[in-house]
Amino acid sequence: MFMRPKRNLALSTLTLSALAAGSGCILDAEIGSDQARISAAPLDIETCVDDCLEPGALLWTDTVPLERPAVFARDGGEIVLVGNAASRTGELDQEPLRLVRLAADGSPIADTELAITGGLTIALTELPGDELAVAVDSLGGHISAITLDGTVRWTHPLGTASTVAIVSDDEGSIYAGASLMDPDQYAEPWLGKLDVDGTLLWSRTALPSVLPAAADAESGEGPYNGVSAVALDADGDLVAVGQGTGPANANLAWIAKFDAETGDELWSDTFEGGHGDLAISGPSHYIISGYRQLVEFEPAAGITWAVDDPQALYKIVGPSELGILGATNTDYLDSEGGSEDSGGSDYTSVVRYHGIDAADGSVLWTRETSSAELSDPWSRIDIDGDRMIAVFGEFAKEGHVMVFRLE
């Protein structure tokens with residue numbers, strides 16, 4: 001049974017600093033204290049729910065015994081987390097995953113070991129009948145359907161995968177994407193559709209037609225062409241984004257739409273940058289987060305707005321009913337505040353959380369955690385109504401759940 005973890009962790013103290021634009025509400029909270037709920041100065045976090053209603057307010061935070069978990073917010077406010085146990089002793093892809101469920105206020109519901117193994121990246125989507133589909137990348141990558149009590153109903157093997165993404169429709173059909181690795185460590189994009197019982201209905205590994213068919217012959221290097229994110233659009237068709245290899249092996253971000261019933265490509269396009277994330281803000285309106293840029297793309301018009309962002313908004317979710325995207329990114333700053341690209345050493349890891357206007361990409365609010373002790377921080381987010389659920393962690397250390405007011 002899940003027990004609320006103790007706070008005297010070996011984890012270094014993390015500082016959460018927050019400034020809501022124009023509100024004057026500055027929050028500084030320490031993650032890793034002995035408080036049941038982290039307090040914030042000058043406002044107490046317990047009263048912040050009632051008295052601090054501006055966007056970006058930290059509502060509550062707590063630790064979970066999982067490293068680098070995936071998060072899914074269910075209707076009604078329940079928070080579901082899946083990841084490897086922070087106390088694991090073996091390799092990620094040889095250790096069982098755990099399922100942790102929290103109530104909307106953070107109260108524990110369950111902590112269950114699953115009969116499936118973990119990986120570097122985990123993705124979740126909801127299925128009918130209180131079930132979830134889990135996609136995992138690793139040497140033994142897989143897609144599995146699990147019940148909320150921890151029963152694994154079926155598993156579909158993927159092989160060696162370096163990234164995974166997953167989404168489902170109302171009937172429980174699952175659409176997944178992955179970057180499948182060959183023995184030479186070159187990747188090809190895999191997309192597939194499974195029914196609610198795990199039967200593979202179609203799959204494809206063909207490159208989007210807009211990408212070059214082969215690597216640059218002069219470089220002698222093979223291509224990396226992978227899938228980063230998938231979503232279903234207003235037509236019910238599958239839209240995917242990923243990283244492709246262009247002339248001289250330059251990175252290209254690509255977006256493509258596929259018929260949900262057959263997997264046939266309907267259209268594809270590219271733009272500069274690396275792999276990213278995807279959100280759909282309306283019919284034929286696709287928001288793509290790539291390497292140091294955030295763009296809105298329409299098939300008939302191309303890029304309708306673009307924001308060059310040196311903070312690189314890597315993960316996005318939403319938008320909410322009011323048109324607000326949730327976003328998170330990681331940056332590395334030196335002692336003088338310079339970024340990793342500026343040279344030097346002794347970097348502090350900074351993980352930021354943002355509310356972004358889906359209409360034009362403008363950042364409405366930002367919160368951040370930072371620590372010089374975290375070498376490879378991990379952050380994932382989901383939206384539950386007007387709340388953004390964020391998870392933060394690193395290898396072999398307990399994770400943190402943070403709940404922000406999105407709008």
Using 0.5 Å steps for rounding, measure from the [atom1] atom of [X] to the [atom2] atom of [Y].
X: Leu99; Y: Asp149; atom1: CG; atom2: CG; answer: 9.0 Å
X: Ser138; Y: Glu95; atom1: OG; atom2: CD; answer: 12.5 Å
X: Arg405; Y: Trp365; atom1: CZ; atom2: CH2; answer: 11.0 Å
X: Thr147; Y: Leu114; atom1: OG1; atom2: CG; answer: 8.5 Å
X: Glu368; Y: Thr328; atom1: CD; atom2: OG1; answer: 11.0 Å
X: Leu406; Y: Tyr353; atom1: CG; atom2: OH; answer: 14.0 Å

Heavy-atom pair of closest approach, residues [X] and [Y]:
X: Asp137; Y: Ser162; value: OD2-O, 2.6 Å
X: Ala165; Y: Ala123; value: CA-CB, 4.3 Å
X: Asp169; Y: Ser173; value: OD1-N, 2.9 Å
X: Val80; Y: Leu124; value: O-CD1, 4.1 Å
X: Thr125; Y: Ser168; value: OG1-OG, 2.9 Å
X: Asp360; Y: Val307; value: O-CG2, 3.7 Å

Q.
The test is side chain to side chain contact (heavy atoms under 4.5 Å, CB included); show your working for Trp154 and Ile143 and say whether it passes.
A. CA-CA 8 Å; Trp154 54 258; Ile143 302 168; 4.2 Å; yes
[X]: partners by side chain to side chain contact (heavy atoms under 4.5 Å, CB included), with sequence neighbours left out:
X: Ala359; result: Asp357
X: Val317; result: Ile381, Asp382, Ile383
X: Ala260; result: Tyr175, Asp237
X: His285; result: Ser281, Glu296, Glu298

Min side-chain heavy-atom separation [X]-[Y] under 4.5 Å:
X: His142; Y: Thr117; result: yes
X: Asp233; Y: Tyr286; result: yes
X: Leu148; Y: Ile109; result: no
X: Ile389; Y: Phe72; result: no
X: Ser379; Y: Lys315; result: no
X: Glu261; Y: Lys193; result: yes
X: Val136; Y: Val164; result: no
X: Arg380; Y: Ile122; result: no

Quick one: does [X]'s side chain have a donor or acceptor within less than 3.5 Å of a partner on [Y]'s backbone?
X: Ser179; Y: Val227; result: yes
X: Trp190; Y: Gly177; result: no
X: Arg88; Y: Glu67; result: no
X: Arg74; Y: Asp130; result: no
X: Asp264; Y: Asp259; result: no
X: Ser268; Y: Val210; result: yes
X: Thr163; Y: Ser228; result: no

Q: Verify side chain to side chain contact (heavy atoms under 4.5 Å, CB included) between Val64 and Val391, making sure each step is shown before the conclusion.
A: CA-CA 9 Å; Val64 289; Val391 292; 5.9 Å; no
Q. Quick check: are there more than 12 heavy atoms from other residues, nucleotides or ligands sitting under 6.0 Å from CG of Asp75?
A. no
Q | Contacts of type salt bridge (charged side-chain N to carboxylate O under 4.0 Å, His left out), residue Glu265, not counting sequence neighbours | A | none
Q. Residues in salt bridge (charged side-chain N to carboxylate O under 4.0 Å, His left out) with Glu91, at least two apart?
A. none
Q. Given Leu58 and Arg367, is the side chain to side chain contact (heavy atoms under 4.5 Å, CB included) satisfied, shown in steps?
A. CA-CA 9 Å; Leu58 175 66; Arg367 304 288 182 264; 5.8 Å; no
Q: Mind running side chain to side chain contact (heavy atoms under 4.5 Å, CB included) on Arg98 and Asp111 for me, showing each step along the way?
A: CA-CA 7 Å; Arg98 302 195 70 86; Asp111 178 3; 3.0 Å; yes
**Q.** Side chains of Thr199 and Asp197, donor plus acceptor under 3.5 Å
**A.** no
